[in-house]
Every structure is written in C-alpha cells, then in structure tokens.
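Counting starts at 1 for both ligands and their atoms, in listed order.
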Amino acid sequence: MSKYTAKQIHLVSRPSGMPSQENFKLLEVELPVPQQGEVLVKNHYMSVDPYMRGRMRENAVYAEAYALNAVMYGGAVGEVLESADDSLQLGDIVANGAAWQDKFVAKANTMSKLVPFDAKQLSLYLGTLGMPGFTSYVGLLKFGEPKPGETVFVSAASGAVGANVCQIAKLKGCKVIGSVGSDAKAKWLLEECGVDAVINYKTCGDLSKALAAAAPDGVDVYFENVGGDHLQAALNVMNPFGRIAACGMIASYNNAEPAAGPNNLMLIVGKKIRINGFIVFDHDDMREEFLAEMIPWIQDGKIKSRETVVEGIENAVDAFLGLFSGNNFGKMIVKFD
Ligand code: NAP
Ligand code: FER
C-alpha cells in the first residue's frame with residue numbers, strides 16, 4: 001500500500017425518480033503503490049454533469065451503466081503525486097476520467113497532460129474548454145448550422161453548455177434568445193454575454209407566447225437542452241427549414257414514468273424541420289478546431305465563463321442533484337482541498 005488513502009463516492013442503489021443521498025456512499029480506501037506504467041493522482045476539481053443520471057440507470061443507452069458498489073467516474077483535473085511512467089512527472093496537471101474520488105492510481109495512458117493556458121483556471125477544462133464547451137461548439141456549428149442574421153433559441157441558456165452556445169452564436173452574427181430559471185441568470189446573459197432576449201420560463205406564463213414575442217422573425221435554430229414544454233414552444237415558433245440540435249432534455253431525466261410528449265410534433269413535417277441528436281464524444285475530429293477558436297475567444301474576453309464551485313467531495317452528491325433544480329449558475333464544479 002502507498003502512504004495515501006482516497007475518498008470515493010460509490011453508487012450503492014439505482015435511483016427511481018430524483019436520486020437521493022441513500023443511493024450513494026462515501027468511503028475511504030487505501031491506495032496501492034503505482035506499478036510500472038501507472039501514476040498516483042490527486043484531483044483538484046471534478047465535474048458533475050447531467051449525463052451521469054443516465055449512467056445510474058441499469059439500461060443506460062449510449063454507454064455502460066455505473067456498476068453498483070463501485071466508484072463512479074466522470075471528468076476531473078488533478079496533479080501527479082507519484083509516477084511510475086516516463087510520460088508523466090511529479091506535479092504534472094492531468095485531465096482524467098476518474099471523478100468521484102479525491103485520489104487514485106491508474107495507467108498514465110488513461111489521462112492527458114494539460115498545459116493550461118492559465119494555471120489559475122484549471123476548472124475551465126471541465127467547463128468552457130472541456131466537454132460542455134466542446135458540446136456547445138459541435139452542437140451549434142455542426143448541427144445547428146447558424147447563418148449570420150438568423151435567430152437562435154437556447155434552453156438552459158446560462159448553464160455549462162448553454163452559456164457557450166449563446167456566446168458562440170453571437171460571435172457568428174446571430175440574434176440569440178435564451179431561456180433560464182432565474183432573473184439573475186437572465187440579467188447575466190443580457191448584460192454580460194450580449195444575448196438579445198431572455199425568457200424566465202418559471203415566470204413568463206405561456207412559453208410559446210413568450211418565445212413568439214421575443215422572436216418576431218421566428219426561430220431558425222433551436223439548441224435543445226430541456227425538452228418538454230421548451231421543445232413544444234420552439235416547434236410552434238420555428239421557421240421553415242429550421243434546425244434543432246438535440247443535445248439533451250434535462251426536464252425528463254428524473255421521470256420515474258414517461259411524461260406526455262409535445263402536442264405539436266406534426267409541425268416538423270410542414271415546416272420541414274431537421275432534428276439532429278448528437279453525442280459530443282463522436283466528434284473528436286473537431287476538437288483541434290474548437291480549441292483554436294475557443295482559447296483566443298476566452299483570452300480576448302469574447303467568451304465569458306461562470307462557475308458554481310462546491311467545496312469538498314462530501315458535497316459532490318448535493319452538487320450533482322443541484323443540477324436538476326438550477327442551483328448552478330454556469331458550470332457546476334466540485335473543488336477538493
Ligand atoms: P447545466 O445547464 O449547466 O445545468 C443544468 C441546468 O438545467 C440547470 O442549471 C437548470 O437551469 C436547467 N434545468 C434543470 N432542470 C430543468 C427543468 N426541469 N426545466 C428547465 N430547465 C431545467 O448543464 P449542462 O452540463 O450544460 O447540460 C445541459 C444539457 O446538455 C443537458 O440536457 C445535458 O444532458 C446536455 N448535454 C449533452 C451532451 C451531448 O453530448 N449530447 C453533452 C453535455 C451536455 P435553470 O435555472 O435555467 O432552470
Ligand atoms: C448528456 C445527456 C445524454 C450526455 C449524453 C447523453 C454526454 C446520452 C444519452 C443516451 O445515449 O441515451 O448530457 O452527455
């Protein structure tokens with residue numbers, strides 16, 4: 001055994017509906033000494049993401065379900081404490097897939113060394129420069145195909161994916177309308193991110209009417225993060241040949257029983273709307289192009305990032321659950337000491 005112990009969060013039962021603390025367990029385990037080809041890493045930040053809810057199901061669709069009574073996984077950024085591999089040295093910063101634990105031993109080739117453009121902003125590699133930021137880039141540009149002057153509607157617009165979609169669409173010359181669940185989030189998008197109009201879906205009344213009022217020229221691209229009433233409202237207001245980048249439908253992730261669908265799907269036919277589902281992990285061919293555009297945008301202040309930082313692995317489950325009630329303003333991050 002090494003001199004290190006690690007705290008880990010295990011999934012101990014599969015949630016039905018909204019998960020609760022009882023579905024998870026915090027354990028402390030001893031770590032082995034790294035063998036040839038392995039490193040021991042201390043994580044500084046881990047990501048909690050909506051997709052993790054899907055992996056808690058037995059019948060996860062696109063990837064294997066989390067095993068029961070084992071540590072979960074996901075994106076994290078850490079620092080090498082011990083190395084038995086030539087490719088990584090003590091102190092190297094690594095992006096890894098070993099979230100939900102504060103330290104771990106793994107093969108060096110399962111992680112990538114980061115040369116951060118700003119060492120004070122490592123958590124950006126879990127947000128704007130990480131999986132969610134890349135999702136916004138792929139989804140908007142490849143599947144939304146926005147043209148200058150067109151109108152883009154974004155749901156969960158202040159979140160990790162949505163805030164980047166809004167800002168990239170503005171940089172591409174579009175009119176942007178967002179929907180969010182609080183006035184503070186709306187104010188940030190309007191005043192700091194240059195979004196043209198924001199709807200608070202909790203207080204706006206009829207969402208289709210609010211969207212029609214915000215989008216007098218109709219909607220050409222809908223970046224779908226929420227589903228349900230948001231999809232219904234978007235279809236009502238979309239223009240012929242509109243495109244929907246179907247990224248996620250978070251409103252349904254904790255449904256124990258399927259909810260009724262939008263009542264207007266036939267509009268897809270008459271309006272000749274294209275709906276494209278996509279999974280970011282299929283689009284690694286765009287990663288270089290993404291970083292080449294995104295890093296200068298961040299450095300030039302053209303893309304702003306917000307984070308909600310929750311401290312301590314013992315609060316990671318709460319951070320994850322908070323995604324489903326909008327507790328995060330921007331990217332939800334868990335910071336380890
Ligand atoms: P996020 O937007 O940072 O956090 C989730 C947000 O969703 C919450 O802050 C909340 O914001 C909103 N929300 C939660 N429940 C809602 C409900 N019932 N109705 C309306 N809004 C609700 O999360 P993210 O990581 O950026 O993910 C956004 C979407 O992208 C999710 O659907 C996720 O599954 C999807 N995604 C897909 C891919 C892919 O490859 N396809 C990759 C990454 C993410 P409000 O306060 O505004 O309600
Ligand atoms: C996500 C939501 C759903 C995501 C992936 C999925 C990578 C995939 C779902 C499926 O295959 O059923 O946020 O992010």
Side-chain angles (χ1 to χ4, degrees), residues 17-18 47-65 73-75 97 99 123 126-128 130-140 142-144 154-167 178-189 195 198-204 207 222-234 244-255 259 275-284 286-287 290 305-310 319-334:
M18 181 66 87
S47 180
V48 286
D49 296 278
Y51 78 82
M52 292 168 168
R53 179 65 185 85
R55 293 191 184 183
M56 292 169 193
R57 288 178 214 288
E58 197 146 23
N59 57 348
V61 182
Y62 70 105
E64 261 182 50
Y73 54 84
S123 55
L126 300 176
T128 301
M131 185 277 283
F134 188 36
T135 300
S136 65
Y137 189 86
V138 169
L140 179 67
K142 185 159 187 174
F143 298 110
V154 186
S155 52
S158 69
V161 174
N164 290 302
V165 176
C166 288
Q167 295 176 86
S179 104
V180 295
S182 85
D183 290 343
K185 292 176 178 180
K187 188 171 184 311
W188 178 67
L189 287 174
V195 169
V198 184
I199 298 164
N200 180 339
Y201 69 86
K202 290 183 179 164
T203 56
C204 71
L207 189 57
Y222 173 43
F223 196 103
E224 167 70 301
N225 284 323
V226 167
D229 58 344
H230 278 76
L231 178 55
Q232 185 167 307
I244 299 180
C247 176
M249 298 192 181
I250 193 168
S252 65
Y253 293 0
N254 293 304
N255 289 353
I275 305 186
N276 255 115
F278 71 97
I279 298 287
V280 63
F281 306 123
D282 295 333
H283 300 280
D284 264 353
M286 290 179 73
R287 186 174 290 279
F290 160 66
S305 297
R306 269 194 90 117
E307 292 177 349
T308 295
V309 181
V310 169
F320 168 68
L321 296 178
L323 294 172
F324 302 102
S325 36
N327 290 357
N328 58 309
F329 193 152
K331 173 70 192 138
M332 186 72 104
I333 296 282
V334 182

Q232 side-chain N/O to A234 backbone N/O, donor-acceptor pair under 3.5 Å: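 A pair under 3.5 Å: no.
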
Any donor-acceptor pair under 3.5 Å from N164 side chain to T128 backbone: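 No, N164 side chain to T128 backbone: no donor-acceptor pair under 3.5 Å.
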
Kindly print each ligand 1 N/O atom paired with any protein N/O atom under 3.5 angstrom away, one pair per line, or none if nothing qualifies.
from	atom 1	to	atom 2	distance (Å)
ligand 1	3 (O)	A160	N	2.8
ligand 1	3 (O)	N328	ND2	2.9
ligand 1	4 (O)	N328	ND2	3.1
ligand 1	9 (O)	N328	OD1	2.5
ligand 1	9 (O)	N328	ND2	3.3
ligand 1	21 (N)	Y201	OH	3.2
ligand 1	26 (O)	A160	N	3.3
ligand 1	26 (O)	V161	N	2.7
ligand 1	30 (O)	N225	OD1	3.3
ligand 1	32 (O)	N225	O	2.9
ligand 1	32 (O)	Y253	OH	3.2
ligand 1	34 (O)	Y253	OH	2.7
ligand 1	40 (O)	V280	N	2.8
ligand 1	41 (N)	C247	O	2.9
ligand 1	41 (N)	F278	O	2.9
ligand 1	46 (O)	K185	NZ	2.5
ligand 1	47 (O)	G181	N	2.9
ligand 1	48 (O)	Y201	OH	2.5

Which residues pass the side-chain contact (heavy atoms from CB on, under 4.5 Å) test with [X], sequence neighbours left out?
| X | result |
| --- | --- |
| S47 | D49, L126, K331 |
| N328 | T308, L323, M332 |
| Y201 | S179, L207, H230 |

Interfacing atoms of ligand 2 (cut-off 4.0 Å, heavy-atom, I279):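 Going through ligand 2 atom by atom, the ones under 4.0 Å from I279 are 5 (C), 6 (C), 8 (C).
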
Y253 neighbourhood, listing ligand 2 atoms whose heavy-atom distance to it stays under 4.0 Å: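 Counting from 1, the qualifying ligand atoms are 2 (C).
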
Location of contacts on D49 toward ligand 2, heavy atoms closer than 4.0 Å: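 The answer is neither; D49 stays 4.0 Å or more away.
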
Note, I250 side chain near F324 side chain (heavy atom, < 4.5 Å):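 Side-chain contact under 4.5 Å: yes.
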
Straight-line distance of T135 OG1 to F281 CZ, nearest 0.5 Å: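 If we round to the nearest 0.5 Å, T135:OG1 and F281:CZ are 7.0 Å apart.
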
